[in-house]
Amino acid sequence: MISYVRGELAAVEPQKAIVDVGGVGYGVYMSQQTLSLLPPVGNEVKLYTYLNVKEDAMQLFGFLTRDDLDIFKLVIGVNGIGPKGGLNILACMSPDELRFAIMSGDAKAISAAPGIGKKTAEKLILELRDKVDIEDVLEHAAHGDDAPAVRAGDAESGMQAEAVQALVALGYGNAESMRAVRRTSPDCASVEDILKEALKYLF
């Protein structure tokens, strides 16, 4: 398993980047969106990778963050969605946007990805809904991709999750509730404070 590659960006092709690692050029397939975020050729890059082994080929798929890679692996675990389908989905939405879509049952947003039909999107939502939760989304937003497993801000994340659940109970959707809570100030000291501020973004 190749967890990541780090080296000089040697070239950018239509569907992949070539990374020179110790004189060996690794071809790493990436979404067009991610390719556009790479630094200029000649700079060092670090790409988190997934090695897809087939009978006739071995392909590396690359991502700029571990979060991108983690959600990619969840997506391709759904029967009927291969690595290229996973890349197409992540080319259209960020990991958190995909989590929002899964939690809110927004098959239309997911099926906007090339090659992903409505039935496949609905299947993805059904299979992954239990693997994505509110706290997971909020923790990624608050702490970033490389945060340690034990976090000092877990209490804050717990309050945010409780606030989202309260908003959902009031009739707001999962996705809009999470977006509003994520916009609140980190200075909020209680669930009530978070709710008051989040409601301003919902009106």
Side-chain angles (χ1 to χ4, degrees), residues 1-54 56-78 81-102 106 109-116 121 124 128 131-132 136-153 156-157 175 178-179 182-183 185-186:
M1 181 68 181
I2 301 175
S3 298
Y4 67 85
V5 295
R6 181 169 59 193
E8 180 184 314
L9 181 61
V12 176
E13 298 180 358
Q15 294 183 323
K16 62 184 176 181
I18 309 299
V19 182
D20 185 330
V21 182
V24 178
Y26 288 86
V28 185
Y29 289 91
M30 306 174 75
S31 72
Q32 203 59 44
Q33 181 185 38
T34 307
L35 285 170
S36 70
L37 297 174
L38 291 174
V41 169
N43 284 267
E44 182 177 277
V45 292
K46 180 179 180 180
L47 303 177
Y48 296 92
T49 54
Y50 174 82
L51 179 62
N52 185 50
V53 180
K54 301 193 297 183
D56 58 347
M58 289 193 297
Q59 298 172 312
L60 272 179
F61 292 84
F63 307 89
L64 294 176
T65 69
R66 279 202 297 263
D67 189 30
D68 288 344
L69 175 60
D70 289 343
I71 198 75
F72 172 79
K73 290 194 287 190
L74 275 180
V75 168
I76 64 173
V78 175
I81 301 180
K84 289 188 177 179
L87 274 190
N88 286 341
I89 291 173
L90 289 174
C92 294
M93 52 180 56
S94 70
D96 272 351
E97 287 171 340
L98 179 56
R99 291 186 181 99
F100 289 144
I102 291 169
D106 191 352
I110 298 171
S111 62
I116 305 297
L124 184 148
L128 297 187
K131 298 180 181 180
V132 174
D136 185 39
V137 176
L138 292 171
E139 284 178 5
H140 277 104
H143 304 288
D145 302 316
D146 298 322
V150 178
R151 287 179 273 256
E156 177 191 346
S157 180
M178 284 186 281
R179 288 192 185 98
R182 285 178 61 188
R183 294 177 67 186
S185 168

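This chain uses plain numbering: 1 for the first residue, then up along the sequence. As a basis for the values below, the full set of heavy atoms in this structure was taken, side chains included, without hydrogen atoms, waters or symmetry mates. Everything quoted here is computed from the prediction, not taken from an experiment.
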Minimum-distance pair of heavy atoms, taken over all atoms of Pro95 and Asp68:
CG-OD1, 2.8 Å

Looking at Thr49 and Ile2, would you say the former's side chain and the latter's main chain have a donor-acceptor pair under 3.5 Å?
yes

For Val24, all residues meeting side-chain contact (heavy atoms from CB on, under 4.5 Å), sequence neighbours excluded
Tyr26

Working to the nearest 0.5 Å, report the span between CG of Leu87 and CZ of Phe63.
5.0 Å

Donor-acceptor pairs under 3.5 Å, side chain of residues 33-43 to any protein atom, not counting sequence neighbours: which ones?
| residue | atom | partner | partner atom | Å |
| --- | --- | --- | --- | --- |
| Thr34 | OG1 | Ser31 | OG | 2.8 |
| Ser36 | OG | Gln33 | O | 2.5 |
| Asn43 | ND2 | Pro40 | O | 3.0 |

Return the CD1 to CD1 distance between Ile71 and Ile102, rounded to the nearest 0.5 Å.
5.0 Å

Determine the sole option in Ile110, Leu74, Leu128 for which the side-chain contact (heavy atoms from CB on, under 4.5 Å) test with Leu98 is passed.
Ile110

Closest non-hydrogen contact found for Pro114 with Cys92 is CD-SG, 3.8 Å

Quick one: pull up CE in Met93 and CZ in Arg99 and give me the separation to the nearest 0.5 Å.
12.5 Å

Name every donor-acceptor pair, under 3.5 Å, that has one atom in a side chain of residues 8-21 and the other anywhere in the protein, sequence neighbours excluded.
| residue | atom | partner | partner atom | Å |
| --- | --- | --- | --- | --- |
| Asp20 | OD1 | Gly23 | N | 2.8 |

For Tyr50, give me all partners under ring pair (Phe, Tyr, Trp, His ring centres under 6.0 Å), at least two apart in sequence or on another chain.
Phe72

Rounded distance [0.5 Å steps], CG in Leu47 versus OG1 in Thr65:
11.0 Å

For the CD1 atom of Ile81 and the CD1 atom of Ile76, what is their distance to the nearest 0.5 Å?
10.0 Å

For the atom pair OH (Tyr48) and OH (Tyr4), what is the distance rounded to the nearest 0.5 Å?
8.0 Å

